[in-house]
Number of protein chains: 2
Amino acid sequence: MTTALLTDHYELTMVQAAMNAGTANRRSLFDLFTRRLPEGRRYGVVAGLGRVIEAIERFRFNEAELTWLMERGIIRENLAEWLAGYRFSGDIWGYPEGEVYFPGSPVLSVEGTFAEACILETILLSVYNHDSAIAAAASRMTAMAGDRPCAEMGSRRTQEWSAVAAARAAYVAGFATTSNLEAGRSYGVPTIGTAAHSFTLLHDSEEDAFRAQIDTLGHATTLLVDTYDIDDAIRTGIELTGGRLGAIRLDSGDLAIAARRARDLLDDLGATHTRIMVTSDLDEWQIAALQGAPVDGYGVGTSLVTGSGHPTCGFVYKLVARADSDDPSAPMTPVAKKSKGKNTLGGRKFAMRRRGADGRAESEVIGLGTPPVDDGNDRNLLVPIYRAGELVHHATLDDARRRHEQSRAELPVAALRISKGDPALETIILDSAGDETTNPYQAAPVVPNL
Amino acid sequence: MTTALLTDHYELTMVQAAMNAGTANRRSLFDLFTRRLPEGRRYGVVAGLGRVIEAIERFRFNEAELTWLMERGIIRENLAEWLAGYRFSGDIWGYPEGEVYFPGSPVLSVEGTFAEACILETILLSVYNHDSAIAAAASRMTAMAGDRPCAEMGSRRTQEWSAVAAARAAYVAGFATTSNLEAGRSYGVPTIGTAAHSFTLLHDSEEDAFRAQIDTLGHATTLLVDTYDIDDAIRTGIELTGGRLGAIRLDSGDLAIAARRARDLLDDLGATHTRIMVTSDLDEWQIAALQGAPVDGYGVGTSLVTGSGHPTCGFVYKLVARADSDDPSAPMTPVAKKSKGKNTLGGRKFAMRRRGADGRAESEVIGLGTPPVDDGNDRNLLVPIYRAGELVHHATLDDARRRHEQSRAELPVAALRISKGDPALETIILDSAGDETTNPYQAAPVVPNL
């Protein structure tokens with residue numbers, strides 16, 4: 001399936017007009033970044049790079065797309081010809097997937113002709129704005145859950161393909177499993193699932209339902225015990241499994257109280273190894289509040305797939321430098337609009353995580369035109385992704401997961417506070433001489449939606 | 001592309017266990033409904049039915065899906081055989097797309113064997129929970145915009161396929177256009193677009209950029225005027241078009257003040273027909289606040305595609321009746337779980353919008369097992385969608401758009417207040433004798449996420 005029409009109409013009108021004006025081939029550099037984190041968030045999480053690579057590889061204008069665009073008068077013959085041969089031929093670099101980011105971090109940079117870089121805008125932003133929003137929420141949840149596994153189960157609460165992307169992003173940020181089968185098939189995220197209330201209600205008794213489930217799924221299965229009376233259900237499950245039941249799931253009521261009561265009953269019945277999963281309306285605050293409860297795992301739905309209050313990240317994609325002519329060797333000069341409250345730093349960026357001798361992150365350093373100097377403990381944040389149109393970045397989803405674990409672990413302890421706060425690291429902008437210069441992002445006024 | 005794996009793992013484990021236990025073919029009835037509206041919302045908007053029909057038609061387990069499921073041990077041979085032949089053979093009825101709904105409204109009902117109805121749960125909920133959330137937000141925006149057109153332009157703020165669905169849902173709820181090309185191709189939603197700031201920055205001057213745009217898109221185009229100085233840009237645009245410029249777009253700053261100033265300048269320049277589009281961080285409150293400003297159209301992005309604070313609707317899919325045996329003629333009996341705070345009304349539902357003699361809606365009447373009696377001005381809300389597996393509902397997207405316009409127009413005036421409030425109509429539950437009975441939904445405790 002082509003991704004070419006997952007694109008705003010104006011990307012094509014711009015390219016059409018630039019082509020007619022002879023400016024479409026000016027070498028151009030676009031940055032994908034955010035001017036600020038969602039209110040109260042202490043760090044962002046890059047997710048979606050792997051999906052962006054898929055999307056670029058499938059960004060193809062076939063006969064069907066071109067015919068539709070021509071018939072609607074959206075493009076003309078000269079643009080149709082160019083689109084038919086579209087293959088991204090430029091350079092892309094950016095933060096690897098799983099890395100944390102801050103206001104102004106140059107998360108992705110795309111350099112090519114204006115035309116080829118411009119028309120990727122919508123798809124790049126769609127993927128990053130969604131996937132990174134989910135990963136940021138997921139990271140807060142897994143941080144609060146500690147060693148207890150988190151299971152993603154929000155597919156039904158979000159659009160059907162967003163569900164697949166959300167499962168993938170949650171895995172990057174430390175979730176152990178998903179309920180989403182397509183995420184299992186497409187991305188190898190481990191899938192789990194046992195039964196819903198409807199399964200119990202289908203049968204003539206809860207015992208019949210549990211017996212049917214255990215017969216097929218074995219003693220290690222998870223029984224949902226709150227369809228009728230929880231204590232009765234636990235007794236039935238333990239009896240049917242001779243005390244070897246894998247887990248129970250609680251999906252309603254006050255989970256801390258219910259988990260304590262269930263644990264006591266399970267222990268009384270000798271089922272000390274039977275685990276307790278909880279799954280009702282969880283978010284990072286609920287997970288934190290359950291740290292003291294005898295819970296062995298969390299299933300998270302709505303809050304995860306809606307980014308826990310922040311379903312999008314505010315990433316923008318801005319032209320920051322371009323050549324004055326079509327000549328491929330013409331030098332590029334920084335550009336930036338001057339719209340109120342929407343300042344952009346022009347020019348090429350380099351990025352480094354400044355770290356202390358203890359390896360703890362101290363600041364996000366962005367060099368304009370020149371790489372920041374490594375003080376000895378620092379970490380370069382940019383990796384090449386495409387070089388002259390060739391894909392050179394081949395990280396796996398597990399690489400991204402490890403990257404996130406490591407990046408989060410080196411943040412200041414305050415980054416993992418659940419309360420609202422400022423970004424955990426300050427973003428420092430250095431000019432080409434290496435001197436600190438004004439940061440337009442941290443100082444930007446806070447508006448509800450970017 | 002098959003939709004079969006856009007499904008929670010547990011749907012298949014339930015069917016597998018039921019199949020082994022001999023209960024998979026019990027005639028079953030599932031309701032899709034919500035126990036409450038998102039906090040403060042006065043009505044909901046059904047959107048997604050057209051997409052649900054597409055999803056059901058493409059719900060096919062092909063060799064690739066079956067192999068993957070078998071290899072992972074998620075299904076066994078007997079289930080694989082059944083899935084390979086899966087075609088929904090039951091009945092579906094529900095509210096037509098565009099209709100408004102309230103807590104407890106039986107928006108969609110699915111009757112078939114337990115197995116065939118159960119495995120549609122995830123995809124049905126994903127579509128309805130997303131699309132209806134977008135439509136509900138969109139409806140509030142178009143209500144506030146009145147006769148001024150609203151343009152959907154949020155593709156970049158949401159997952160790439162959600163963007164397509166969001167554009168479609170916004171159109172149902174009265175948006176005039178979308179920026180999303182795939183929504184134009186797949187659903188016929190009118191697409192529009194002209195240029196971004198990057199187009200101005202690409203050129204050596206704003207005048208060069210505007211000239212390039214006008215040369216290709218004509219005088220009727222919309223010029224984005226806030227890259228540098230708004231007044232200068234307006235003068236340039238009017239000069240280049242001899243006063244015949246179609247529109248300008250303002251994308252930053254205080255839009256009410258900027259629109260007033262722009263209108264005065266345009267009028268001074270004789271460009272009295274040049275329209276003013278505004279597009280920065282709009283939501284229903286901003287649109288309402290701009291009612292007195294000289295604005296001719298609104299472009300809405302983030303708030304629309306994130307459901308303006310409510311990105312999901314809380315729809316659930318619950319087994320409400322089932323037979324006691326596999327016998328297709330066995331009678332179905334109502335069932336319902338008793339989990340705390342998550343009550344469900346068992347049994348078959350009928351739905352009617354009670355209206356006064358003036359045609360104004362007065363209440364949402366749900367009949368349990370028996371249709372409510374029409375008082376003379378009432379409106380039956382349910383339409384057949386599938387009968388014995390055959391698709392019998394063929395509404396177009398424009399039908400849905402008209403349906404929404406009409407349904408919203410007959411609501412009490414208070415429904416269109418922008419402030420937070422209770423549902424505009426009370427839901428009344430009638431038992432099979434036609435007597436009013438307890439409504440478990442209105443009385444349910446408010447929890448953050450359902």
Quick one: of [options], who has the most non-hydrogen atom pairs under 4.5 Å with chain A?
| options | result |
| --- | --- |
| B:S179, B:A21, B:A133 | B:S179 |
| B:A212, B:A183, B:A167, B:A24 | B:A212 |
| B:A195, B:A163, B:G301 | B:A195 |
| B:H203, B:M1, B:Q16, B:Q213 | B:H203 |
| B:G184, B:G309, B:C118, B:P311 | B:G184 |
| B:D8, B:I214, B:T3 | B:D8 |

Working to the nearest 0.5 Å, report the span between [atom1] of [X] and [atom2] of [Y].
| X | Y | atom1 | atom2 | result |
| --- | --- | --- | --- | --- |
| B:Y10 | A:L224 | OH | CG | 8.5 Å |
| A:L125 | B:E160 | CG | CD | 11.5 Å |
| B:T302 | A:N129 | OG1 | CG | 8.0 Å |
| A:L201 | B:K318 | CG | NZ | 9.0 Å |

[X] side chain near [Y] side chain, heavy-atom distance below 4.5 Å:
| X | Y | result |
| --- | --- | --- |
| A:K337 | B:Y228 | no |
| B:S126 | A:W161 | no |
| B:T158 | A:T312 | no |
| A:Q159 | B:R51 | yes |
| A:T191 | B:I74 | yes |
| A:L12 | B:L181 | yes |
| A:F199 | B:L319 | no |
| A:L6 | B:S155 | no |

Who wins among [options] for the most heavy-atom pairs under 4.5 Å with chain B?
| options | answer |
| --- | --- |
| A:N20, A:T23, A:T122 | A:T23 |
| A:D131, A:T7, A:L202 | A:L202 |
| A:I134, A:L124, A:V164, A:I192 | A:I192 |
| A:R72, A:M19, A:E65 | A:E65 |

Which answer fits [X], side chain, backbone, both or neither, if we ask what part of it has an atom under 4.5 Å from a heavy atom of chain B?
| X | value |
| --- | --- |
| A:Y128 | neither |
| A:I123 | side chain |
| A:A336 | backbone |
| A:V127 | both |

* Asked: Charged N to carboxylate O under 4.0 angstrom, A:E11 versus B:R156?
  -> yes
* Charged N-O contact under 4.0 Å between A:E71 and B:R185 -> no
* To do: Apply side chain to side chain contact (heavy atoms under 4.5 Å, CB included) to A:D204 and list each qualifying residue two or more places apart in sequence or on a separate chain.
  =>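 Here the qualifying residues are A:D208, B:R26, B:R322, B:D324.
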* To do: Please confirm whether the backbone N or O of A:T216 pairs with a side-chain atom of B:R76, one donor and one acceptor, at under 3.5 Å?
  => yes
* Any chance you could lay out the side chain to side chain donor-acceptor pair (under 3.5 Å) test for A:S162 and B:H130, step after step, and finish with the verdict? => CA-CA 10 Å; A:S162 287; B:H130 174 265; 6.0 Å; no
* B:S198 vs A:M14, side-chain contact (heavy atoms from CB on, under 4.5 Å): CA-CA, chis, key distance, verdict -> CA-CA 9 Å; B:S198 64; A:M14 281 193 278; 3.8 Å; yes
Given heavy-atom pairs under 4.5 angstrom as the criterion, report whether the side chain, backbone, both or neither of [X] touches chain A.
| X | result |
| --- | --- |
| B:A165 | side chain |
| B:F114 | side chain |
| B:L69 | side chain |
| B:E121 | side chain |

* **Contacts of type ring-ring contact (aromatic ring centres under 6.0 Å, His included), residue A:F210, not counting sequence neighbours** => none
* Pair B:T13, A:T194: side-chain N/O donor-acceptor within cut-off below 3.5 Å ->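 Short answer, no.
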